[in-house]
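Start at 1 with the first residue, then count along the sequence.
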Amino acid sequence: MAHESSGAIYTAAGANLAIAVAKFVGAFFTGSSAMLAEGVHSVVDTANQILLLVGLKRAQRPADARFPFGYGREVYFYAFLVALLIFLGGGAFAVYEGIHKLQHPEPAADAVILGRTIPGVIVNLAILGFAVAAEGYSCFVALKAFWGEKGRLPPITAIRRSKDPALFTVLIEDVAALTGLVVAIGGVILAETLKQPAFDGAASIVIGLILIGMAIFLMIETHGLLVGEAAEPELVAKIHDIVGSEPGVTHVNEVLTQHLGPADILVNVSLDMDDRLDGGQIERLVSQLEARMKAQSPKVRRVFIEIQARKAAVPQAERSSPVPAA
């Protein structure tokens, strides 16, 4: 999914850059707090897409002596930075700007463009309308790529299981951006209709809270990937079936998996084998098992098989359990 992720990121970056310029122009001419908050949000989004592209690029570096398992987790680190930047640079700033606007409410100023005076509300709504169109297209591209990956899983479940943070981060950003734009439009209309500029500040606070909530969700998701999440339960079950069905394997002690990147899975298997097998037979059996596991999924890049007596194997649950006091 690297190609789909990059395509969605480039689309989002281009859209957000154009939107940011338009929003800042509108905020400069009209003094709208919600428009300024939305402009900062778009700048943060553009920076986020650049960070994700850097992460994808660095994750493709080959393994070396210092990092023998490669750099696949780089993309997880940069995705976490993105979530942190959204929280501080987008959400916190929008809330601060909204509170300031509530304390010092001012109506949107009219814009003078080419010698003509245009009502501030018209300028703001025109720019927000353009932003909705651009952000909507970006969201469509990200949603199309995500839909191709998620299969039959519900969207939230697919996001929780996805190991490609670049793709779901862009999608969540776009959805949050569209939601924020709707809030901004509502704030601008209410402030003008009711002659209450405070609605503009309230809209900015709501936008900030949306961004903070999204950032926390992304932090939780990328935190799990950084620590080391297992492969999908379906793949783990298939690997278990593969090794368990092989003649010569008397017991599957343990199957451990870990994502070293969106498309890089490490598999560790502990097996109890028939004692009547000689060294050559065990070697051939191990090679056959490795080939079958890699054929099951192209994401399985590294396989380590440990031959261990069933009684000597210590299950993972027992390893993590505290030792009872004497």
Side-chain angles (χ1 to χ4, degrees), residues 2 5-24 27 33-60 71-100 131 134-135 138-139 141-142 145-146 159-160 162-181 183-184 203-227 261-262:
S5 298
S6 298
I9 293 172
Y10 280 117
T11 301
N16 282 314
L17 185 59
I19 293 169
V21 173
K23 288 175 180 177
F24 281 130
S33 175
M35 187 65 72
L36 180 62
E38 277 292 313
V40 173
H41 173 199
S42 295
V43 169
V44 170
D45 280 353
T46 304
N48 289 342
Q49 270 92 58
I50 294 173
L51 283 175
L52 289 175
L53 288 171
V54 170
L56 286 173
K57 184 68 175 178
R58 291 179 63 85
Q60 294 173 0
Y71 293 81
R73 285 185 179 172
E74 286 265 23
V75 68
Y76 299 156
F77 170 73
Y78 280 90
F80 189 83
L81 286 183
V82 165
L84 188 62
L85 188 58
I86 293 171
F87 184 90
L88 297 176
F93 176 81
V95 171
Y96 167 79
E97 186 65 24
I99 293 174
H100 176 76
E135 201 71 64
S138 174
C139 187
V141 173
F146 173 74
I159 290 174
R160 298 300 304 272
S162 176
K163 304 302 186 286
D164 185 358
L167 184 57
F168 70 69
T169 297
V170 171
L171 177 62
I172 293 174
E173 272 188 346
D174 286 343
V175 171
L178 283 173
T179 305
L181 287 169
V183 172
S204 181
I205 293 176
V206 173
I207 292 169
L209 294 177
I210 291 172
L211 294 176
I212 289 173
M214 178 188 69
I216 292 174
F217 177 78
L218 290 176
M219 285 180 182
I220 292 173
E221 290 303 307
T222 52
H223 168 264
L225 294 170
L226 276 171
V227 172

Rounded to the nearest 0.5 angstrom, the CG-CZ distance for L226 and R73 is 8.0 Å

Rounded to the nearest 0.5 Å, the CG atom of L171 sits from the CG atom of D164 at a distance of 11.5 Å

What one should report as the nearest heavy-atom pair of S42 and I19 is OG-CG2, 3.4 Å

For M214 and E173, the nearest pair of non-hydrogen atoms, with its separation, is SD-CA, 3.6 Å

List the atom pairs, donor and acceptor, that lie under 3.5 Å between side-chain atoms in residues 76-86 and the rest of the protein, sequence neighbours left out.
unit_1	atom_1	unit_2	atom_2	d
Y76	OH	K163	O	3.3
Y76	OH	G261	O	3.2

Smallest heavy-atom separation, G91 atom then I212 atom, equals CA-CG1, 3.8 Å

All heavy atoms of L218 vs all of I172, minimum pair found to be CD2-CD1, 3.6 Å

Sorted by chain and residue number, the ring-ring contact (aromatic ring centres under 6.0 Å, His included) partners of H223 (sequence neighbours excluded) come out as none

Residues C139 and V175: closest non-hydrogen pair is SG-CG2, 4.1 Å

Heavy atoms of Y71 and R58 approach each other most closely as CB-O, 3.5 Å

So CG of L52 and CD1 of I9: to nearest 0.5 Å the spacing works out to 4.5 Å

- [ ] Would you please classify the geometry between the Y96 ring and the H100 ring as parallel, tilted or perpendicular, with 30° and 60° separating the classes?
- [x] parallel

Rounded to the nearest 0.5 angstrom, the OG1-CG distance for T169 and L51 is 11.0 Å

